[in-house]
Amino acid sequence: MSRRSWIQATFCKRECVKFLPASRDHHRCYPVCQVCQSLVRCCCGRLIAEHVGPYSGLLGHGPGPDSTDEEEWSVLRHTSVSPTDAFGSLDFQASTKRTCRAKYVRLSSDTPPELLVQLMLREWHMEMPKLVISVHGGTESFPLSPRVYQAFSTGLVTAAESTGAWILTDGINTGVSKYVGDAVKVYGSHDHRKRNVVGIPPWGIIENNSDLIGRDVLRHYQALGNPLSKRASLNGMHSHFLLVDDGTMGKSGCQIDLRKRLERHIHFQKIHPRLPEHVPLVCVVVEGGPAILSVVLEHVRRSSPVPVLVFEGTGRAADLLALIHKQTAEDVLLRIQEMFGVERQEASELLNILMECMEHRELITIFDSESEDLQEADAAILTTSLRGTRASPEEQLNITLAWDRADVAKDNILVYGQQWQVGSLEQTMLDALLMDRVSFVKLLIENGMTMSRFLTISRLEQLYNIVMTIYHLHEAFVSDIIISLQIHSQSFHLLKTPRIVSLQEGAVAPQDVKSTPSPEFVCTFNDLFVWAVLKHRQEMAMFLWQHGEQAMARAVVACKLYRAMAVEAKESNMGDSMAEELKKNSLEFGQLAVDLLDQAFRKNERMAMKLLTWEMKDWSNFTCLQMAVSSRLRPFVAHNCTQMLLTDLWMGRLNMSKNSWFKIIASILMPVAIQMLEFKSQAEMSHVPQPQEALQFGWDPGNPGSSEQEGTTNERGSRCLSPWTRKVYDFYTAPVVKFWFHTMAFLGFLMMFSYTVLVRLDEKPNIQECLVITYILTMAAEKAREVSALKITKLKVWFSEYWNINDFMGILLFLVGVSLRWHQETRLASHIVYSLDFIFWSVRLLDLFAVNQHAGPYLTMITKMMSNMFYIVVIMAIVLVSFGTSRKSILSPNEDPSWSLLRDVVFQPYWMIFGEVYAGEIDACSNPETCVPGAFLTPFLQAVYLFVQYIIMVNVLIAFFNNVYFDMSSISRKLWKYNRYRYIMTYQEKPWLPPPLILLSHMTLCLSSMWQKHRKASKRGRTDMHLNFRLKLFGLPEINGMNSSWSSVFVSRAEEMAGILVEVAEKVSIIQDNMRTLDSHLGQLQDLSALAVDTLNFLSATDNQQQEVARLGQSQPITCRHEQVSHSCCLHIGGSFTYNASFFPVCETFDGLSVMTSPQNTVTPGHYLHKCPPLYSGGVEVCIYTLEETEAGSSLGNQSSSISTWIQHGRTAVLQPLAHQEVLDGGLRRATKVVCTWAEGDVLKLGSVYVVKAFRPEVVRIWQKVFPISTSFHLCLREIQQQRAAQKLMQRFNQIKPSSVPYSPRFLDVSLLHWRSDGQWLTVEKNMSGHFRKYNNNTGEEISPSSGLEEAMLAFSHWTFEYTNRELLVLDLQGVGADLTDPSLIRVDDKSSSEEMAFGPANLGDDAIQSFVIKHTCNSCCKKLGLSGEVTLMSQVEG
């Protein structure tokens, strides 16, 4: 049944069918009186003219005055039921910000609630609510204060959207329903699926309800109603409307009973399929009339009471309930009369209702938005609904779990003092995992949930077996992923990752097929993490990734799993969005792994390399590097840490950097030269894993997991090795040596093979051919060894490698040629096969070039081009075959069947692609002998073919190659670094002897394998003997008579115990090291305390001397020279700028702000008067002098000014220079980065990095003529003064700039620093991190602006020149972003003044200003500031 027919067949409307006059007055007029038609109404609310039922007799013959059996109008007796005629969608026209559409249906007032729920869930596709919020209040418009409105709106919307609740209202556009709509409009989500606001208004009071009539239609509805009408409009922000019809018009109240029944029915539904609790219901009261009091009483007196939340401060009924709830007021009766405007009797009845409500005071909660101590409104709504459920703490926790509101559970349920039984939270944890409630998983773990106790095998099985299709992928899809991972992964497969999970009823989970479950098996976060990834729960996986150990390994595993899932989703046609989302998750975890590796590499390079090669037991003894390569995580493999490790693996123990290839080749040809090579020590190679051969040969890599006995054997073997033997072994086992050895042998093989194919094959093979045969046969044996080491499932991976296929085809083709050469008849065919086989072995040379860092990226690009050109070549082949076949069939219509036809079809068309058009054969009719019927078509076909093939397809192919080249050129090096791992591992695992000598290596491997088996057997025999002896002590049978399975159990237990003992020994050693470190720290503390005591004694003994030094310091201050100049210069520009040069140091006022240095405000070297800082093992004690702002009267009227003055006494700080310094020097000063380790007060921030700047010695020598005493001090003062003046100008610039200039640059604060150790004066400022840029220099040259910030910087320089009446110019703007430092304040030269330098040595005067005037180009920011497009000098203006 369709949706339209189901709704029409299920829901009905009601219409009045019998006219009963609402007025009982006697009418004497005739039945069709026009006056009565317009005045008399039926009890249903309709006029006579509007009534659809039959007329009930004549109006003039109504019941007489003595009649007592007046008929009362009722819904059941006087209305008829018919299928509904109004349902569909509403499009509200009043909203402009968002599209507002709502579903609606007209239904009878007695409709069963079960049908309503079915309608909303199945037809309207709403989700089952986890909470029902029933909002009641005034139906007429009423005001709300802004604070109450905001609290109500945000609380209601947050509570509904965070829990998936339904909001039930009257749905009209007045009263509390309008406020609910406004709340959804302002604070609600734009997602229509989260907007579940259901309006339940009466059909008879809706404005223009006749416009809604229609079956499954879209109606445009105007929400603005007629102010003169008594009807109400629907609110446009509701999502669904249930229009309740009882046959009346203009009457309200029929919806109340339907709303009650609907709320009760929803309340008894389950909140979640996994939880037994019911859907909570809460009543929210906002304002309201007398009827609201009855609604509240009805809610609290139900058999299952409904909690009520009252918003105090909204007026009328809500305020009365709050008043009665808080206290018993004496004048409540009068308040009721005043508030509702009712008589005393009715007020008494309302008071009784209020008192009955207060009998259920615990169900009523008052929310006061004016109180600062109460919780948020959404939390109050949810807490009230929890209180009304009267459930146990476990049940309340399940309800909050269904809401996904961990904050409510944390504040109200999981509180201090609440007793929980052991294991009572485990079911909640399982539900939280299955429902993907990450916040609850985190909350439960924080409240003591032990994952090792919770996560058992059975629960892990349950997690995998329960299907939650709303969140995750199909299980068959996950099964395909695991199978693909088993096949395609070379060094890592998923079967061993989470170690063991049983399968039940077709459910898919990782399982180690080689092990069986044991009671002692312990699941870890790794198993849960893999479950979250396989179930595609990214947020849960990210949370679990943060817990436990081996974060890098888990990130790489997640990257691998997500990548495999993305490939499977793409192949399974599950949609591009699913594949893209999985790929995005893979990249996210891959980036996490790279970031972890980068952080580890920054902290400790050697430990980071060990982290890459550490075998992890939880991940089947694989390393992070192996898993990253298997995951194809190229950024991880291309990282500097990985590449350094690969370089160390490639070079082995050889320690050479230059001309390594020459030294290696010379040592291979002359083994005596090996002794002259330099080798790395064992400590230098501690981070590089050693192969098994090294362990057998006697070199101990220091593996902590090795047993004591093996370590003793290795140590004994290591002592037996001579230094010469060790060097030889280290040389020939290095992968780079193996590469060159194999390469030299391969080049010799190619030379002999080329000689073989170029000469005649004799009956018996010559020596060159014999060597070639031996070489290829031994290589075939090596390939067979590689394949035999793989599992059957890995053969596909082995054949997926191109070079393996190339070698396989070369060996197979050569064996065919060898088998043919022994017979005279097939010897020529053998020679041809040899010639073709030579191509395969020549191409093999390219793989040797791939190792080179220069040639490797080019080969990577060529490989990518060859793999991507397949489809274009197919298209070209289709065009070629179609033209060749048509051309051949027209020119040769009488050909006999032959294989040569195939050659004729493709031969000439193929060469036409390269420009050979066969001009003599284009027109076949030029020769009468070759002219056949239809031959005139071939020139036309050839022209079309050449146009398509030569002009279009060839150029498309060229353009494609060009595009691939540019795309690959940027990532080819990264791809080469990724492929480098394969090259290095290939030669790491290869025997060091090349073919044909490789047979000796094979024999050695066989003997070694036999020896290892013998050692294991003897070791097992000794273990069994000790075990039998111990069993006899306990009276148990010997192991020889026991089952083999029991024997393996005992052996495995013994090995586990040995491993535990090794771990305990390691932990004991770590504790001992920590104790030693603690002892050393305690000793240092004792030394420091003794030193502090000595210092205090010294200070007390030298108190008089300190006072004398301080007195001398105050009597001889370091001051600026105070020299009067011959004249005073004072410039005014509209009262905004004043520059006073009557004395030096100068006083500069920028719109009331001044920078001033004077003899009365001197800098006093008070570094003897400070508190002594604590003693540090590192750092230098310095003294910091800063400028502080003081208010002073201005010379410009009554305007106040801010003057920058030096503090009288400096403050102490301890600075530590950084170990790694960057080049920060400039033309005049040198800079050093320091970190503050201690500071007095807030002069410097502890732990922050600062830059200390000192003038170069040559600069100081130059300015000694001007400042003979304390030259660096005077230069630093003027630099600080210069930056403070520029800072004041910048502040004024930011104040007056228009809003269209969004940037607000600023200059850093600079302080004066006295380096006490050498008495040097410097400047100190905060370090700026980021890209340092220079916008212009002190000679007037500037950059070409490319952004708004750069334009603003250059415009600032122009503005300063105009703002100061062309007297000052700020240049040399530089810094990081909007933070600037080291400006140059250029001042116009005054020839008549002998004034000294005022603004530092970078002031170049008129020359710099003249250069700026010439070179500055006004930009858009200059125009916004109102600056002229042409900069002019003051002299030009005056002229």
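Values below: all heavy atoms of this structure, side chains included; hydrogens, waters and symmetry mates excluded.
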Checklist entry - Excluding sequence neighbours, so at least two apart, what forms side chain to side chain contact (heavy atoms under 4.5 Å, CB included) with K610? => result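 Side chain to side chain contact (heavy atoms under 4.5 Å, CB included) check on K610 returns M607, S686, H687.
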Item to check | side chain to side chain contact (heavy atoms under 4.5 Å, CB included) between R726 and R653, worked out | outcome: CA-CA 11 Å; R726 182 177 298 167; R653 297 191 182 275; over 6 Å; no
Is the shortest heavy-atom distance from the side chain of [X] to the side chain of [Y] under 4.5 Å?
| X | Y | value |
| --- | --- | --- |
| E782 | T778 | no |
| V737 | W992 | no |
| M985 | L649 | yes |
| F589 | K560 | no |
| W619 | N526 | yes |
| C641 | L612 | yes |
| L582 | V567 | no |
| M752 | Y775 | no |

Item to check | Mutual orientation of the aromatic rings belonging to W650 and F739 [parallel < 30°, tilted 30-60°, perpendicular > 60°] | outcome: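 If you compare the ring of W650 with that of F739, the planes turn out tilted.
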Item to check | Check: D595/Q599 side-chain N/O donor and acceptor closer than 3.5 Å | outcome: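 No, no side-chain donor-acceptor contact under 3.5 Å.
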Checklist entry - For residues S630 and R563, is any side-chain donor paired with an opposing acceptor at under 3.5 Å? => result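 Short answer, no.
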Atom pairs and distances, side-chain donor-acceptor, residues 666-679, under 3.5 Å, sequence neighbours left out:
from : atom 1 : to   : atom 2 : distance (Å)
S667 : OG     : K663 : O      : 2.8
E678 : OE2    : N655 : ND2    : 3.2

Checklist entry - Only one of I805, I811, N806 forms a side chain to side chain contact (heavy atoms under 4.5 Å, CB included) with F840, so which one is it? => result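 Filter result, single survivor: N806.
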Next on the checklist: Here's a test for you: under side chain to side chain contact (heavy atoms under 4.5 Å, CB included), which of V533, D527, L534 qualifies with V530?
Outcome noted: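 When V533, D527, L534 are each tested with V530, the side chain to side chain contact (heavy atoms under 4.5 Å, CB included) holds only for L534.
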Item to check | Candidate pair Q550 and C624, rule side chain to side chain contact (heavy atoms under 4.5 Å, CB included), full reasoning | outcome: CA-CA 9 Å; Q550 303 169 354; C624 286; over 6 Å; no
I need the minimum non-hydrogen distance between [X] and [Y], along with the two atoms involved.
| X | Y | answer |
| --- | --- | --- |
| T623 | T613 | CG2-O, 3.4 Å |
| P991 | R785 | CD-NH2, 3.9 Å |
| P995 | A745 | O-CB, 4.0 Å |
| L993 | S1001 | CB-OG, 3.5 Å |
| R554 | L544 | NH1-O, 2.9 Å |
| H742 | P994 | CE1-CA, 3.5 Å |

May I ask you to decide if [Y]'s main-chain N or O and [X]'s side chain share a donor-acceptor pair within less than 3.5 Å?
| X | Y | result |
| --- | --- | --- |
| Q643 | V637 | yes |
| K977 | H639 | no |
| N621 | E615 | no |
| R844 | D807 | no |

Next on the checklist: Looking at W803, I'd like to know if its CH2 atom is crowded, meaning that more than 12 non-hydrogen atoms belonging to other residues, nucleotides or ligands lie closer than 6.0 Å.
Outcome noted: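 Yes - once you tally the heavy atoms of other residues, nucleotides and ligands closer than 6.0 Å, there are more than 12.
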Checklist entry - Do other residues, nucleotides or ligands put more than 12 heavy atoms under 6.0 Å from the NZ atom of K783? => result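 More than 12 within 6.0 Å, yes.
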Item to check | side chain to side chain contact (heavy atoms under 4.5 Å, CB included) between Y978 and V629, worked out | outcome: CA-CA 8 Å; Y978 172 77; V629 173; 4.3 Å; yes
Checklist entry - What distance separates F746 CZ from D847 CG, expressed to the nearest 0.5 Å? => result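 Nearest 0.5 Å value for the CZ-CG distance: 9.5 Å.
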Item to check | Criterion side chain to side chain contact (heavy atoms under 4.5 Å, CB included) on M644 and F601, from CA distance to verdict | outcome: CA-CA 11 Å; M644 289 177 61; F601 185 65; 3.5 Å; yes
Next on the checklist: Among residues at least two apart in sequence or on other chains, which ones pass side chain to side chain donor-acceptor pair (under 3.5 Å) with W841?
Outcome noted: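 Here the qualifying residues are D837.
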Checklist entry - Does NZ or CZ of K738 lie under 6.0 Å from the centre of the six-membered ring of F741, at an angle within 45° of the ring axis? => result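 Not flagged: K738 not positioned over aromatic ring of F741.
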